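Working notes, beginning with the structure itself.
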Amino acid sequence: MSYLRHLVFSSNTSLCWHVSQTRMFSVTKSSRTIMPAWVIDKYGSNDVLRFTRNASFPVINYPNEVIVKVLSAGLNPLDVSMRDGYGAAALSMKRDPLHIKQSGSEFPLILGRDVSGVIMECGLDVKHFRERDEVWAAIPPWKQGSLAEFVVLSANEVSHKPKSLSHTEAAGVPYVATTAWSALVNTGGLNKDNCAKKRVLILGGSGGVGTFAIQMLKAWGAHVTVTCSHNAERFVRGLGVDHVVDYTAGPVEEELSSLEKFDLILDNVGGDTERWGLNLLKPWCGAKFVTLITPFLQNIDSLGIADGMMQSAATVGTKTLKHLVKGVHYRWGFFAPSGPALDEIREMVDAGQIRAVVEETFSFSQVPQALKKMENGHARGKTVVQISKGGEDL
């Protein structure tokens, strides 16, 4: 009986047993091997989407993992890019760093980076969550996504859902929230204690990341200026923006140059923004230009792992030094999954400082239409897919 390491009785009397150091089975769930999901079997347009009732049921491979029953899933532009094959080489390296598996082993691939749902099963080392806890999370792009009935995540990627939000509303927050948090807090150095009266410019303020960043910065007391179209001006002003520059009215750099300089710029647009954007920063004051539009994944896709990473390092290094001598800082920002960040964000949501901005909701059968809407762009908030009605069958 040496293989029988642990015998655990959970609070709802489910019997769980552990046959190795990395896998926990629940007696009430172990017989289930398949689930409904939307998958892709190759990269391409919306035509590659396929609904199946035979997707592999997620399993707990590490003791710090949880299985979540998905109630709602949020979509992001990244899902469209991943469907098209963007970042495939880099993500394959993350999934299989030793190159043990064959090429294409990521298929069938499930998209969806946002999830709100209910915990169905916990690994043996999970201390802060229990079965039936309502949670939300941003799913790393190298993992299977939320356009399925269940998903497996590390416990440090998960947070308890805000009590003030429905699952539909909650599914519109985690990915953009953790992306904005990573860019503004981890990279930009802002926080609730140092943000008061800081001048922040958000290039592209009406999308998912922009709308969240606006609310977080205003809750922290910053002065926020955004660029957006004339049609979105009323929308962003409703989120608390102090000043709006309409990019459809003419070159935005001209109007922005007439304003007082900024302590931080968050770039969601890319293109030629770097050519003029860094001139809008306060020199020699620690001001930063943080862009979320980087060539990192594209370099790896086109040049391979080693050459792509070297090219990216050379690019960011050259640009950093070029602008450092002018007294401003240039940085690349990236999405970073974080349960602790979502814990902080949950408190802000429940305090009424941040609200979910959901533009449109689709049913599980309408996933192709939802992704098509994402592909069309110019969103005013998030697109959410309702996967399941509730967790009563847990």
Side-chain angles (χ1 to χ4, degrees), residues 4-33 35-37 56-74 112-140 143-146 148-175 177-178 337-351 356 386-394:
L4 190 56
R5 304 286 180 85
H6 297 278
L7 187 61
V8 181
F9 288 92
S10 65
S11 59
N12 63 356
T13 69
S14 302
L15 180 64
C16 300
W17 54 282
H18 188 240
V19 295
S20 74
Q21 294 182 349
T22 60
R23 175 71 177 107
M24 184 196 74
F25 295 87
S26 169
V27 170
T28 58
K29 304 295 180 183
S30 60
S31 61
R32 183 154 189 185
T33 59
M35 65 176 179
S56 296
F57 192 86
V59 296
I60 291 178
N61 290 312
Y62 300 95
N64 69 327
E65 290 182 328
V66 297
I67 294 177
V68 177
K69 179 177 175 61
V70 183
L71 301 186
S72 292
R113 297 303 107 198
D114 285 308
V115 59
S116 183
V118 181
I119 288 184
M120 187 196 83
E121 186 178 346
C122 295
L124 289 175
D125 285 352
V126 176
K127 307 299 183 185
H128 301 293
F129 301 99
R130 296 184 300 177
E131 290 184 20
R132 299 182 179 272
D133 280 357
E134 294 187 319
V135 296
W136 61 347
I139 304 171
K143 293 187 176 184
Q144 293 285 35
S146 56
E149 191 176 11
F150 296 91
V151 65
V152 64
L153 293 163
S154 297
N156 59 10
E157 296 162 352
V158 177
S159 170
H160 288 100
K161 180 185 75 67
K163 291 181 172 59
S164 59
L165 296 184
S166 67
H167 284 286
T168 299
E169 293 169 324
V173 176
Y175 182 82
T178 49
S338 173
L342 287 174
D343 288 341
E344 301 246 12
I345 292 160
R346 179 189 69 236
E347 294 179 4
M348 298 176 72
V349 170
D350 282 337
Q386 292 182 322
I387 306 296
S388 179
K389 294 297 183 184
E392 61 277 353
D393 57 335
L394 290 178

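Because the structure is predicted, anything quoted here is derived from the model rather than measured.
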What are the two closest heavy atoms between His128 and His160, and how far apart are they? O-CE1, 3.2 Å

At their closest point, which heavy atom of Ala137 faces which heavy atom of Leu153, and how far apart are they? CB-CD1, 3.7 Å

Between the CG atom in Leu71 and the OG atom in Ser146, the distance rounded to the nearest 0.5 Å is 11.5 Å

Any side-chain to backbone donor/acceptor pair from Thr178 onto Pro337? Under 3.5 Å, distance only. no

Show the nearest heavy-atom pair for residues Arg346 and Ser159, with the distance to one decimal. NH1-OG, 3.2 Å

Minimum-distance pair of heavy atoms, taken over all atoms of Ser116 and Lys161: OG-CD, 3.4 Å

Hey, are the side chains of Ile67 and Ile60 touching, using non-hydrogen atoms and a 4.5 Å cut-off? yes

For Val126 and Ala155, work out which heavy atoms get closest and say how close. CG2-CB, 4.1 Å

CZ/Phe57 to CZ/Arg32 distance, rounded to the nearest 0.5 angstrom? 5.5 Å

Is there side-chain contact between Pro58 and Gln144, with heavy atoms separated by less than 4.5 Å? no

Taking the side chain as everything from C-beta on, heavy atoms only, tell me whether Val68 gets closer than 4.5 Å to Phe129. no

Side chain proximity check, Met120 to Glu131, heavy atoms < 4.5 angstrom: no

side-chain contact (heavy atoms from CB on, under 4.5 Å) against Gln386, all qualifying residues, sequence neighbours excluded: Ser72, Thr168, Thr361, Lys389

State the CD-SG distance between Glu65 and Cys122, to the nearest 0.5 angstrom. 11.5 Å

Scanning both residues in full, the closest heavy-atom pair of Leu165 with Glu169 reads CA-OE1, 3.4 Å

Do Asp350 side-chain atoms and Ser164 backbone N/O form a donor-acceptor pair below 3.5 Å? yes

Audit row: Lys143, Ser154, side chain to side chain contact (heavy atoms under 4.5 Å, CB included) steps and yes/no: CA-CA 10 Å; Lys143 293 187 176 184; Ser154 297; 3.3 Å; yes

